[in-house]
Amino acid sequence: ADKSRLGGYSVRNRKAVTVLEGVKAIAGHDVNILYDEGAPLISKGQVIPSSCFLTPDKKEPGLKGEYFNNTRLDGDPALTRIDPGLGFVWPESPGTGVGADGFSVRWTGYLKPDRSFNGWLGISSDDGMRVWIDGRMVIDNWRKGATAIETARFEFMAGREYSLKAEMWEGGGGARAELRWNAIEEDMNPAIAMARQADVAIVVLGESEELVEENRDVATLDLYGKQVELIKAIHETGTPVVCVLLNGRPLSFNWIAENVPAIVECWFPGEEGGLAAAKVLFGEYNPAGRLPITFPKSVGQLPFYYNQKPSTLHRYIGASDKALYSFGYGLSYTSFAYGNLRVSPEKSSDARIEVSVEVKNTGDYDGEEVAQLYVRDLVSSVTTPAKTLKGFQRIMLKKGETRVVTFELTADELSIWNRAMKRVVEPGDFEVMAGGNSEDLIKARFTVAPEIESRKSKGRR
């Protein structure tokens, strides 16, 4: 809720308006806003404090750092210094005489824990990093595009001095090198207790640039980490819940879709995104966004898109073949109804069809609707999609207002590539569908007469 989400390849280290800041700005001074992180997006533990490091000669806290102007730790270091710890995020050069990109670093010294616990030692880096403890490599992540954090189980004994060596290399695009442990367990209880006091809980979930960017592939589309566990616990308090999603790809948040009555999909919303989200939440703007992609229920459904051919749709044992949210889907603070779908003429010899449909605002508020038109070629020489979007119109309707929306279909919309790889309109029956998304549709039919094929062919010669 209090993080900037600008998306990959945005300007780094620039702060945008967060959802928390937007809510504070829109809610005003009469609303008491409580905030707690609840759970970190990525469980990274804590950066090990400098007091737990000793230099190689054990004379002072910190680690000896040797910085090289290459990615191979070759030759003499361009910079040697004592670093207080290993918790760096460098937007530019790490030090005098060292380039901002294309460098490598070796740290040596001792790790002397200030407490005993069974946990993990972890590294968080932008590119490659590896760690040795007492001469044994415990983490080897020496490839480009390193993970958000890579960990190794470790038993820490208070006061014991462990020989430590860590190395990293940086190719380009901002550098990070952090040595972490999980000495303090994450605790969601403060956030849950806070939710119990509140009139409504706004739970902001999703992803970050560490999870969604070039070289950031995932094996699942589920929400990362403990996010679902967090929103389930807050939901169980009985406080009404709104879920705000900040994400860079479609996610499979099935439990949330079934149990949380309000979900606001913001994607990575940009510099003023937090303010925009707050205006939606507090009713200053009636949302009219529609999904340009399909949200699957499971990663196993991929590839999944609305205009698949009938033969490519898969049936699953023990799982639905339906989308979590279909292409074109999107709700509003009002509702809309479609009716009286008409085509004229019902039989055409020149592939020109006028389609009209009545759209009515049936809710209690003025709002925008995106009327969508889909077509299916029912008889064709090659397989065609079950439906294809052929037109859409965004219209503003007052409460109770009805408007007739008209679309025109021509040879451009009705033609296909035939087996001879010619673009033609084939005679036969077509189905036209209209509605507010790709699934909730009303239907009508029309026919293209055989004459159109010869006319189209003559026009191509």
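Since this is a predicted model, take the numbers as computed values, not measurements.
Using a distance-only test at 3.5 Å, with no hydrogens or angles considered, a donor-acceptor pair links the side chain of R290 to the main chain of A288. Put simply, the side chain of S438 gets close to the backbone of F327: a donor and an acceptor are under 3.5 Å apart. When atom types are taken as modelled, the side chain of D127 and the backbone of G171 share a donor-acceptor pair closer than 3.5 angstrom. Between the side chain of Y329 and the backbone N or O of G436 there is no donor-acceptor pair closer than 3.5 Å. The backbone N or O of A16 lies less than 3.5 Å from a partner atom in the side chain of S4, making a donor-acceptor pair. In terms of modelled atom types and a separation under 3.5 Å, the side chain of Q227 and the main chain of Y224 share a donor-acceptor contact. A donor-acceptor contact shorter than 3.5 Å is absent between the side chain of N254 and the backbone of A257. Between the side chain of N69 and the main chain of V98, no donor-acceptor pair closer than 3.5 Å is present. The main-chain N or O of L6 is found under 3.5 Å from a side-chain atom of E209 such that the two form a donor-acceptor pair. S348 places no side-chain N or O within donor-acceptor distance of the main-chain N or O of P345, the cut-off being under 3.5 Å.
Note that CD1 of I123 is 8.0 Å distant from CG of L179, once rounded to the nearest 0.5 Å. A distance of 10.0 Å separates CD of Q372 from CG of D440, quoted to the nearest 0.5 Å. Rounding to the nearest 0.5 Å places CZ of R180 at 12.5 Å from OG1 of T151. L373 contributes atom CG, which lies 7.5 Å from atom CG of L389 (distance to the nearest 0.5 angstrom). Here CH2 of W255 is found 9.5 Å from SG of C243. Values are rounded to the nearest 0.5 Å. In this structure, CD1 on I139 lies 9.5 Å from OG on S125, to the nearest 0.5 angstrom.
Ion pairing of R394 with E369 is absent here, as no side-chain N (NZ or NE/NH1/NH2) approaches a carboxylate O to less than 4.0 Å. Using a 4.0 Å cut-off between a side-chain N of Lys or Arg and a carboxylate O of Asp or Glu, K390 and E413 do not qualify as a salt bridge. Ion pairing of R196 with E236 is absent here, as no side-chain N (NZ or NE/NH1/NH2) approaches a carboxylate O to less than 4.0 Å. Between K399 and E401 there is no salt bridge, since none of the side-chain N atoms of the basic residue sits less than 4.0 Å from a carboxylate O of the acidic one.
Ring to ring, Y374 and Y306 are close: their centroids are under 6.0 angstrom apart.
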> Given K360 and E358, is the salt bridge (Lys or Arg N to Asp or Glu O under 4.0 Å) satisfied, shown in steps?
Replying inline: CA-CA 7 Å; K360 182 178 181 179; E358 290 182 357; over 6 Å; no

> Yes or no on side-chain contact (heavy atoms from CB on, under 4.5 Å) for R176 and S124, after CA distance, side-chain angles and deciding distance?
Replying inline: CA-CA 7 Å; R176 182 179 72 255; S124 178; 2.8 Å; yes

> Step by step, would you call D366 with K398 a salt bridge (Lys or Arg N to Asp or Glu O under 4.0 Å)?
Replying inline: CA-CA 4 Å; D366 300 345; K398 299 288 186 181; 3.6 Å; yes

> After noting the C-alpha distance and the side-chain angles of E408 and R352, does the key distance pass the salt bridge (Lys or Arg N to Asp or Glu O under 4.0 Å) rule?
Replying inline: CA-CA 7 Å; E408 184 180 44; R352 300 187 73 86; 3.1 Å; yes

>> The test is salt bridge (Lys or Arg N to Asp or Glu O under 4.0 Å); show your working for E21 and K15 and say whether it passes.
In response: CA-CA 12 Å; E21 292 168 341; K15 194 173 185 308; 2.8 Å; yes

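Residue E207 forms a salt bridge (charged side-chain N to carboxylate O under 4.0 Å, His left out) with just one option from R5, K3, R249, and that option is R249. The only option from R376, K387, E431 that meets the side chain to side chain contact (heavy atoms under 4.5 Å, CB included) definition with K443 turns out to be E431.
A donor and an acceptor atom, one from each side chain of T447 and D429, are located under 3.5 Å apart. Neither side chain, S104 nor T71, offers a donor N or O lying under 3.5 Å from an acceptor on the other. In this model, no donor atom of one side chain and acceptor atom of the other lie less than 3.5 Å apart for Q301 and S298. Side-chain N/O atoms of T334 and N361 include a donor and acceptor closer than 3.5 Å. Residues S381 and N418 bring no donor and acceptor atom of their side chains to less than 3.5 Å of each other. Using modelled atom types, one finds no donor on one side chain facing an acceptor on the other under 3.5 Å when comparing D222 with S252.
I256 places a side-chain heavy atom less than 4.5 Å from the side chain of L205. Residues L302 and P296 meet the side-chain proximity criterion, which asks for heavy atoms closer than 4.5 Å. When side chains are defined from C-beta on, V355 does not count as touching R342, because their heavy atoms never get closer than 4.5 Å. When side chains are defined from C-beta on, V359 counts as touching L397, because their heavy atoms get closer than 4.5 Å. Taking the side chain as every heavy atom from C-beta outward, E265 and N247 approach each other to under 4.5 Å. Looking at K422 and W417, their side chains never come closer than 4.5 Å, going by heavy atoms from C-beta outward. Considering only heavy atoms from C-beta on, I293 stays 4.5 Å or farther from F304 through its side chain. Using a 4.5 Å heavy-atom cutoff, the side chains of I149 and W120 are in contact.
Around OH of Y305, the count of heavy atoms belonging to other residues, nucleotides or ligands within 6.0 Å exceeds 12. When the shell of 6.0 Å around CG of D74 is examined, it contains more than 12 heavy atoms from other residues, nucleotides or ligands.
Between F446 and F430, the two ring planes are parallel [angle under 30°; tilted spans 30° to 60°].
Counting only residues at least two apart or on different chains, the side chain to side chain donor-acceptor pair (under 3.5 Å) pairs with a member in residues 184-194 are S43-E186, D187-N189. Residues in residues 291-300 take part in no salt bridge (charged side-chain N to carboxylate O under 4.0 Å, His left out) pair, two or more places apart or across chains.
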